[in-house]
Each structure stands twice: as structure tokens, then as C-alpha cells.
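Presented below is the structure to which this report refers.
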Amino acid sequence: MLRACFPAGPCRSPFAPRRAGGYTAARDSLPPAPVLTALALCLGFLVLLAAAAVPLGRHPRAGLLVHGGCLIAALGFAGIALAALLVGAAPEGLLLPFGPPWAAARIGLDGLSAWFLLLLGLTGAAASLFALGHPPGPPRTLPPFPLFLAGMALTLAATDAFLLLGGFELMSLASWALVAADHEKEENRKAARLYLIFALLAAACLVPAFGLLAGRAGAITFDAMRAAPPEGWRAAAVLVLGLVGAGAKAGLVPLHAWLPLAHPAAPSHVSALMSGAMTKIALYVLARLLLDLCGAAQPSWWGVPLLVAGAFSALLGALRANLEEDAKTLLACSTIENVGLVVLGLGLALAFRGADLGPLAALAAGAALLHALNHGVFKTLLFLVAGAVAHSAGSRRLDRLGGLIHAMPVTAGAALVGAAAAASLPPLSGFASEWLLLQSLLAGWRVGGIGVQVLAAAAAALAAMAAALAAAAMVRLFGLVFLGRPRSPRGAGAREVSAAERAALLLPAGLTVLFGLFPATLLSLAAPALQVLTGPAAQAPARGLWLVAGEAPSGYAPLFIALLLVLALALAWFLVRRRSPATTQRGPVWNCGFIDPPTHLPFGDPLTQPTAGGIAQPLRRMLGQPLLRARESLDMPRPGETRPARYAAGFEDPAGPLLLAPAARLRDRIAVQAEKLRDLTIRRCLSLSFATLVGLLALLAWLESR
Amino acid sequence: MTFGQLPYDVAHLLGGGMLLLSFVLLYQRRIGAVINALALQGAILALAAAWQGFMQGAPQLYLTALIAFGAKAVLIPFALRALLRRFDLHRNVETALGIGPSLVAGVALVALAILVVLPITAGSKAIAREDLALALSVVLLGMLMMITRRNAILQVVGLMTLENGLILAAVGVAGMPLVVELSTAALVMMLLVVGGVFVFQIRERFDTVDTSFLEIHRGERP
Amino acid sequence: MEGLGALLTQLLHIALMLAAAPLVVGVTRWLKARMMGRRGASPLQPLRDLDKLLRKRPVLAENASIVSEAAPYAGFAACLLAIALVPSFARGMAFAPLSDLILLAGLLAVARIALALAGMDVGTAFGGLGAAREMSFSAFAEPALLLCVLTFAILAGTTNLDLITATFREGALGLRVSLALAGVAMLAIAVAENARIPVDNPATHLELTMVHEAMLLEASGRHLALWEYQSALRLTLWLALIAAIFVPFGAAPAGSGPIAWTLGLVAWALKMGALCLALAVFESAIAKMRVFRVPEFLGAALLLALLAAALLFVSTGLA
């Protein structure tokens, strides 16, 4: 069955019979579709919502209006994206009545942007639905939320650099306002400040990157950029600037320091969007810039920096997720891991494409796209779960939660689905994309050159280690939050969340299961996006219900696996029931003979339960000490002393001392130099600005003479 | 001659076995186990030499194999064990670099050996190239062991591994004269004696075989 | 005929595995006992234990959730499906297109996580301890396994287990250093994954040294029986996997009929017997290592597997 499926003809989506010619043909053949009009309407609607939220902010129903509107718009985005992927959108775009006079704003959707718009729509809908059911936050969080959504959608819909950067900045600023919303707390202010600095860094890198692509003609439309791909030093500069700019926004190591601080600081539905969608928008910009706009002729080594950064992000993020003690910080670190995995896929796609290995490039790019979507959905789910738990049990700290599966069964069920997907367990969605990614990593040696081969093998090992670490982190998260006994009185009084919130949890949970069972269908849907990334001949590495990879094909068919698992469960049930008595008996915990907690501790003695730090201990010692400078200290009183023993454990992210501290020192040094300017006389000040002006004019003259 | 042909495969496998044992030597913490692994490596070296003798039709290599077996798989390990028993030395390996990092360094050295040998020997037969890469790896791992272990006996073991690697390289090349082998064997015997006396001397004077104690007496460390 | 044979061998294979798993554990224990100079219990003893446990009524802790009740079934189902994908006496069975090595790792991860969650369910110290250690070990075992898979994938061009064994059986690959190194790495991973000495002691009675057993302390009755059964299945799976990859000879084609199947069965039984003997000798000869030395052990396996892949890059570059 398998042998036949890989070499067989074009792998066309069952839904897209008319899109045989791929991206370029679709561009010429289809009339301007109502799809783009709908997209423009949705964008306008979101801006109007934001404007309306300012005066309405204090009205009790304002939250309902804004989040309900966002829900509708997000569902609209998902529908538009689906329509664009199925029938193809109008590629020549739709002119908007604003923008700079020499280049009016034009929005459009191709396969790549439609794929990410689908992700945005799904995660946005879940987040908005959750916000509907959640008690309203402060009024100042209302206006930025629709703007945040609109900024992300605008980034995706842009067909020129100007609009793309505008949308990107709108997204950054709106999310900054949301991160800073709870600004009474010192750590939130700090997180927002750091977040803004990194957003500025991203902008400061992306603007020149697009400027270099635009060239001297100043052609800022994507079509013009594609027509004149950069070469030589300009190409290298675009690579570096794009990787730093988009990487800073996506949370790629070593530019990830802001992410574990900023994502937890925002309200939960916003954290969900930031982790699920915003990092993906940054990855979209990365893919658009490096794989699409720079042309298909870039060399193989372009993949290497992405490969390295991705592998280290995956490892570091997954390891940190095992050490963090705050549920949302833990999830944010897991986002770093998954961003790393997606970047690994993109890097491999670049490397394969440079080595003329078309099918493998499609495999790697398919892995990246699928993982981006899957991660977006399950991470949204997990952040929403964290929000539900924080609201219901009063804390995000793992050491104050526990036993919530009894009080919140629906939330626990949804969390289990999300955690299992994040732990990449078959047959859920995380495993499908992980499978594709590992398959493309296992084929990485075909690029050639023993250096790249060993690098690909090491990256494969790191990706597998990251997956196992993510599984450990998810077991720790679920086990500490939902299993065991409550660790605080507030946690013992937790109740299940409202119906709307439950629906908001079940939507992404259902999608996670669905995407897990039908990844091949999903990938065929992504074929237009693959064609943008790896050339018009690209075919999705899928056939029927099978994901396929390799020459003597390896296949993965999750639907069959799920059916067989169900059969095996039934068999186990049958085997056991024949011999075993049906009833169970309840008794006190055995716990190797330890006695029950004393009566003055109605929730049990919290000290006899494993703590977050305790569960983290093996990994902290095995990997944390070499990689994260983890340390433990034990202060043991001498016999006879009455003070308690103290055990403290912590770690330090290497980005702090290696990147942030030197950057801060550099800033101080520059500030000291700049301070000297204040002592200058007026004449000197004027001459300084005059010299700058003359220098710039001279530069212009030199540039024009070349 | 390439893969899928038995003569080549066996020679290659024996070389790989020696490399594997070099890693075992780096990994082990107990001196007794280290000596066992060294003996096994000697035995495999003897096998490799005998196999090369069979393949190249060079009977003198059988003698090499016999000497290697007698000296490296039997005598020297026996002597080292006797030394261990007589002085009741610390049975645990004292490392200057941890086990994990030294293994990572070992893999890096093997990669280096491959990268160095392959371009230099381009054009020669595949078997010579790969055997040379394996042999160089064994040599480098031996040196690594010498510098990452504080214990004098283990440094001697590292030296032995190094020498094993050299002989592996030598027997892989057709027409290696026996004289060289004999002299190397004698050299190693002498080195072992030197090592033994060395150990004995330190033992008498400082009551330990940890060479870092020497640094104090040489004024390198307070 | 082909399809019927494939289906029939698949069903027979599953039945064989279910029957053989307790026997593999029993035989290993018996061999170990003989080597240590004891008479040892009959190899059938694990089967009797399972039956005894099944007939007992399980006792659950008062605060146990549905996880404690459902996890044994989930873990068992995952293990059963995983072992159904590993060829034993026949090749080309009905599930052969599904038998992907990465999927196999995923299914084993399902079983592992089910066990870890069950261990954490009632919030006891030992359960959490065991779960944390088990998950930590897997962080080293999984990359090592993937690098072994990389070696096989480079040689056979696929990660499908059935195709890999087919390629290896043809013998065109000869004896490879890379395969030898990958084999050593696989053995180390198998020892760790099955909680055998030196990583864990399957017969320990001291809670602080437990990894695998610590998570089962609260299980009883049919739940304990399911856990015991699946750990037996997992041991059998790993031995069968190693036999299928490194000694791929003797398996009968699925469509070849009962006589060839019987011969294949005999060959498989011999291979498994030899592996059990090797395991018993190894476990008798070696002592359990400290918990925090396990990363070194598995890290060495990881590096060996990387070395295997690197050497393979060299030789494929030459060929």
C-alpha cells in the first residue's frame, strides 16, 4: 500500500480540483474575489471596534461587545483563509484608499498568508470566546485587543513592505499595551519595558532588511522584490537582519529573554494569542522574507543559521519549561521550544531547496507549516487552561495548585488533550508535525558536506531531546496542577469555569484532535503555501490519509493508529473484564505506610506532596547545571537548633549574562558619551548638526554617482 | 574493495571495536574495569593484525598479532592488576575533566580525525582511508585520556591506547616491517616499566598516585 | 492469499506476543536465579502472578481520580499496539506499512506518560519522584534512539521497520562499524527503557532507589496486573526489536504458509532465548548505578549513536 503512494503523481488536494497550475497560474487566472473585500471589511470592523471601545470602555457590556465583535471577525478570518486556500484568492489584490501616495496600500492573500490567517482566525476565535466568558478585566485592555488582531491580520494581508511593517508595528504596540495593562505590578512594568525594547529591535532590523530588498529603485511591492532577488553582501545582510528582526519577535534564542516575562504578564486570552498567533506572525515574516522574497536561488548554507538557532531554541525552551514554577511562564518557555522547531523546519527547507532537493524541501516546509498551525492551536488551549485555572483556583504558581481534576473535570480533560499534543504523543496533532520534522531532519544528511551532515544529525538529536523534555514538562504541568491533592485552601475551593469558557477550551481541544487525525488532509490544504515557499512544483508530503516521507517511503496514518488504539483498548478491557471483579474499593492512600496528615491540616500536609522544584530536580541536576547554571543550596540547622531547614534552587538563563548585561553596559557607556554633548556650546551644537547634514548630502551624492 | 565484502567489513569492524573500547576506557570510573577494557582492546588489536596478515598474505603479521596478544591482552593488564593489588590504590578514577565532557570531547576528536584524514588520503583505497581515520581517532582518544585523568596508572593506560592506535594504523598498511612492531612493543614495555617505577616512587614518597600532588612539590601550586 | 496471510500472521503475532511477554520475564528471572545459585521460580510464575492480580479487587486511594483507573488501560493499549508493529516470526504482516520507528517511539512515550501521570495521581512523594526520574531519563534515551534510527534510515532509506529489516536481511550492507555502534547504543537504551539493571532494579524493595516501581506503589488488582503486563510487553518489544533489526534472519514471509511460519517461530524463539540469556548474564554481572550516573550512561549511548551516524556519513561519502 505504501510503496505505491510516494512516487505517484501530483499530490493534489481533494478540495482543490481547479488549482492544478499552482501559485503563479492561480495568480493570473482568477478574478478579484469577494474574499478580499470580506477581509478588508473584517479589518475595518476591528478598527471600528477599537475606536468604539474607547468611549464605551466603562460600560458593563463593553467587554461583551468588543470580544463578541472580535470573535465574529476572527471566525471571518478563518473562513476567508479557508476560502482562499480552497479556491484561491484574488492575487492582484485589493486597493485600499490609503497609504503613501506613490504606493497605495494593496491587500492580497496567497497560500502562505492564507495559511497563517487560518491559524490567526482559529486562535483568535478561541481567545475571544474565552474572554467573553471570563469576568471583564480593566477597561484599558479593551481597545488594544481588536487592534492587536487587526495588526496581525494586516501583516498577513500586506502585499508590500510598507503595509507589512505597519501591521507588524501595530501588532507590537497593541500587544505592548496589553502586556502593560496590569502595570501596578513591578514585574509587569519590567516585562513591558523589555518587551518594547525587543519590539524596537525587531523593527530596527526588519526595516533595513526590507529596504535592502527594495533596492535603489525603491520598489516596495513583493512582486517587485521577487523580481530582483538580492545577491552578494546584500543577500547576507538580509539574512542576518531578517533572522534577528523576526527572531526577536518570535522569541528565538538568544533573543528570547522577553518572552517568558511578557507572555505571562498579559491577560490569559492575550497570552494565548501572543504565544499561539503572534510568534507565528513573526515566523511568517521570516518565511516570507527569506524563502519567498529572496528568491529560490539562495545557496544551501542559508539554512545553517536557522538550523542552529532553531535547535538551540528548542532545547533551551524545553529545558526551561521543566524548571519554571509558574504555569504561564512554563507555557511561554514551551513556546520558545516550538518556535525553535518551526525554525528548524524552515532552515531545513532552505538547505534542501539550495541543494535542489525539491521533495525534501517540501517535506521540511510542510513540517514547519503544520507545526506552526498545530502549536498555535494547542498552545492557545493551554494558555486558556492556565487562565481558567488562575481564575478558578486563584494562582498560577504550580506550588499552590493541585487536585483540580476533581473540581474542574472539563478543564482537566481539555488540558490533557493540549498537554498530550504538546508532548507530541500519537495520535494528536503535535506528533504529526513532529513526525514530519524528524523525518526531514533524518534526511538532512542528503544536503551533502560532512559538516552539514553532522550538524543535521546533531539537530535531529536536539529536536528529539526537546520533544522528550517537552513531554516531561507537560507531565509536570498536568501532574502538579490537576493531579494530587490541593496545595492551598484557595485551590481546594476551585470550581469549574463558565460555559463560554468551557466552549472556548473545547474548541481548540477538538481542533487539536481533528488536526491530529487528519494531518494529511490539512497538508494538502497547505499545498499553495508550500508552493510559495519551495517553488511551484512543490507537492504536499501527503497522500490520502497518510503522511509520507523518503524514497522507500515511511508513512504515518494517524487515523488508523487511533482506530487501532481504540481496538487495543477494547481488547484490554475485554481481557481484564473476563477475570477481574467489576468493583473497586476506596481506601486511604498507601504511600508506603506514611500516616495520614494531622487534622489541623484539612488539605493534607502540603510538604508530603511533590513540589514543582522537586519534580524539576533530576533535570535540573542533569541538564540544568551545565546549560542554565542551575544551583541548589541547602541550609541545614545543626542538631538542637529550632529554625527550619531551607532548600533553595534556581537557575539563570544564559541570555541574561551573555546578551542583556553586555547590552546594558554598552548602553551605559553610550549614555556617558552622549551626556558630554550636553556640555557643548550653541555654536558647537549647530556645527555638529551642520556636519551631519553635509555628510548625508555627500553620501547621497556618492550613491547617486555610482 | 568496499562495503559488502567480508574482508573489508571484518577489518573495519575490528577497527570500530577498538574505537568503541577507547570510549569505554574514557567512560569507566573503576580502574579494574579500565584495565579489562584495555586488555580487550589489545586482544582486538591482535585480531585485527591477524586478519590483516590473512588478507595481505603477510605471515609476519601473525607474529605481530601474537606479540600484541601476549603483551597487551595478557601481560600488561596482568602487571597493572598486580600493581593495583600490591599498592591497594584508589579504585576510583580521579578525573580532571568530568566523564560527560570528556566523552563529548572524544566525539569531537573523532570528527576532527575524520575531517583531517579524508582529504589527505584522497585517492588511496577506501580501506586505508577509513582504517587510518579510526586509528587516528584511537590515538587522539588515548592522548585525551592521558590529559584528563589524574591517576598515574590511567595515564599509562592512555599511553597504551595511543600506541594501540599507532599499531592499528601500521598493520593496515601493506608491507609493514616487523622490526618496527618489535621496537614499538619493546618501547611500550619499557614505558610500562618506567610507569611502574614512577608509580612506585610516587607511592613511596607522597603516599598517593595522584600526579597533581607533584605540582605542589614543583612549586606550580601552593 | 497474500492479504489473508498478512492478516492471519498479524493476529497470530499479537496472540504470540501476549502469550510470550510474561514468559520472557519469567525466563529471564529464572535464568538470573540459576546464575546466582538459586533454584528460581518457574518461568510460568509471572503468568500466575498476573492471574492472581486480575482476580483481586483493586483498592484505590480516596482522592484517586479517573487517571488512576484509565491510565493502565491507555498504557497497555499503547504498548500492545507498539508490539503489534514489531515483526517476530513473519514479515510483511498486515500492519507492516504502519510500523514506523518514530511512531514506535511515540507509542512508547504514550505508555510512559500514562505511567507517570498515574504515579502522580494521588500526590504521594514516591510517585512524583519516580515520574520525574522516568521522564528525565527519557530526555536522554529518546535522542539516542532517534540517532540510531538515523543510522538505519541512512542505510535503508526509510524509517519503516519492515522495510529496514528487509534491507538488512538481504545482507548487501555487510558488517558495518556504524551498525555495531548503533547496536551498542540500542542495547543501552533498551536497558534504560525497561528499567533494568544498571539503570533501575526491577526487583527492588527500597522506595528511594525505585524509578519504575515507585510509580506503581498505589496500584493494585487489575490495575497492577495491567502495569506488570505492559512492562513485560515492553521488555519483549525491545528484545524483539533488537532481534528484528540486528538479526533479521529466519522470519518467514507472511504469505508462505504454516510450515514456514513454524520455522520462523522456532528461529524467533531461539533469538529471544539468546537475548534473554544475554540479559540475565549482563544483569547478574553488573551492579545498579547511582541515579545521577544514568545521564552519563545514556549520554554515552547518545554519543555512540552520533558517532555511528558520523562514520556512516564518511562511508557513504566514499561509496
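No other option in A:V454, A:L469, A:N322 has as many heavy-atom pairs under 4.5 Å with chain C as A:V454. Ranking A:G587, A:A616, A:A458 against chain C, the residue ahead of the rest is A:G587, based on heavy-atom pairs under 4.5 Å. Ranked by heavy-atom pairs shorter than 4.5 Å toward chain A, the options C:V122, C:L147, C:L103, C:L217 are led by C:L103. Of the listed residues C:P72, C:A77, C:A310, the one with more heavy-atom pairs under 4.5 angstrom with chain A than any other is C:A77. Contact count versus chain A (heavy atoms, under 4.5 Å) is highest, among C:K56, C:E296, C:M135, for C:M135. Of the listed residues A:I561, A:V566, A:L571, the one with more heavy-atom pairs under 4.5 angstrom with chain C than any other is A:I561. Contact count versus chain A (heavy atoms, under 4.5 Å) is highest, among C:D100, C:L80, C:D51, C:L150, for C:D100. Your options are C:S68, C:G128, C:G119, and the one with the most heavy-atom pairs under 4.5 Å with chain A is C:G128. Between chain C and the options A:A572, A:P426, A:G479, the largest number of non-hydrogen pairs under 4.5 Å is found for A:P426. For chain C, the option among A:L567, A:L438, A:L425 with the highest count of heavy-atom pairs below 4.5 Å is A:L425. Counting heavy-atom pairs closer than 4.5 Å to chain A, the top residue among C:L107, C:L53, C:L302 is C:L107. Highest contact tally toward chain C, considering only A:I615, A:I405, A:N591, A:L319, is held by A:N591 [criterion: heavy-atom pairs under 4.5 Å].
Proximity to chain C (any heavy atom under 4.5 Å) is shown, for A:S424, by neither the backbone nor the side chain. The parts of C:P58 that come within reach of chain A are both its backbone and its side chain, each placing non-hydrogen atoms under 4.5 angstrom from that chain. Looking at C:L226, the atoms closer than 4.5 Å to chain A (heavy atoms on both sides) all sit in the side chain, from C-beta outward. For C:F137, the part sitting under 4.5 Å from any heavy atom of chain A is the side chain, from C-beta outward, and nothing else. Heavy atoms closer than 4.5 Å to chain A are found in both the backbone and the side chain of C:A64.
Across every non-hydrogen atom of C:S65 and A:L483, the tightest pair is OG-CD2, 4.0 Å. Taking all atoms of both residues into account, the shortest heavy-atom contact from C:G106 to A:F431 is CA-CE1, 3.9 Å. Shown here for A:S554 and C:T158, the closest heavy-atom pair between the two residues is OG-OG1, 3.1 Å. In terms of heavy atoms, A:T584 sits closest to C:R57 at CA-CG, 4.2 Å. Of all heavy-atom pairs between A:Q609 and C:G123, the closest is CG-O, 3.3 Å. What you find for A:M622 and C:S136 is that their closest heavy atoms are SD-CB, 3.9 Å.
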Would you please test C:I102 and A:W435 for side chain to side chain contact (heavy atoms under 4.5 Å, CB included) and show each step? CA-CA 7 Å; C:I102 300 178; A:W435 187 87; 3.7 Å; yes
Go through the steps for C:V110 and A:L565 under the test side chain to side chain contact (heavy atoms under 4.5 Å, CB included), then give the verdict. CA-CA 11 Å; C:V110 172; A:L565 270 178; 5.9 Å; no
Side chain to side chain contact (heavy atoms under 4.5 Å, CB included) evaluation trace for C:F140 with A:L623: CA-CA 10 Å; C:F140 295 88; A:L623 284 173; 3.8 Å; yes
Mind running side chain to side chain contact (heavy atoms under 4.5 Å, CB included) on C:L117 and A:L416 for me, showing each step along the way? CA-CA 10 Å; C:L117 288 180; A:L416 188 59; 3.9 Å; yes
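Side-chain atoms of C:E218 never come within 3.5 Å of backbone atoms of A:V589 as a donor-acceptor pair (strictly under, hydrogens ignored). Counting only distance, with no hydrogens or angles, the side chain of A:R586 and the backbone of C:A61 share a donor-acceptor pair below 3.5 Å. A donor-acceptor pair is defined here as one N or O able to donate and one able to accept, closer than 3.5 Å; no such pair exists between the side chain of C:R222 and the backbone of A:R577.
A search for side-chain contact (heavy atoms from CB on, under 4.5 Å) contacts involving A:A630 returns A:R620, A:Q625, A:F651, not counting sequence neighbours.
Interatomic distance, A:Y556 OH to C:N160 CG, rounded to the nearest 0.5 Å: 14.5 Å. Between the CG atom of C:L50 and the CZ atom of A:R579 there is a distance of 11.0 Å, given to the nearest 0.5 Å.
Residues A:L442 and C:L146 meet the side-chain proximity criterion, which asks for heavy atoms closer than 4.5 Å. Between A:V576 and C:F76, every side-chain heavy-atom pair lies at or beyond the 4.5 Å cut-off. Put simply, the side chain of A:M474 does not reach to within 4.5 Å of the side chain of C:I113, judged on heavy atoms. Between A:L564 and C:F95 the shortest side-chain heavy-atom distance falls below 4.5 Å.
Residue-environment remark: CD1 (C:I66) stays at or below the threshold of 12 foreign heavy atoms within 6.0 Å.
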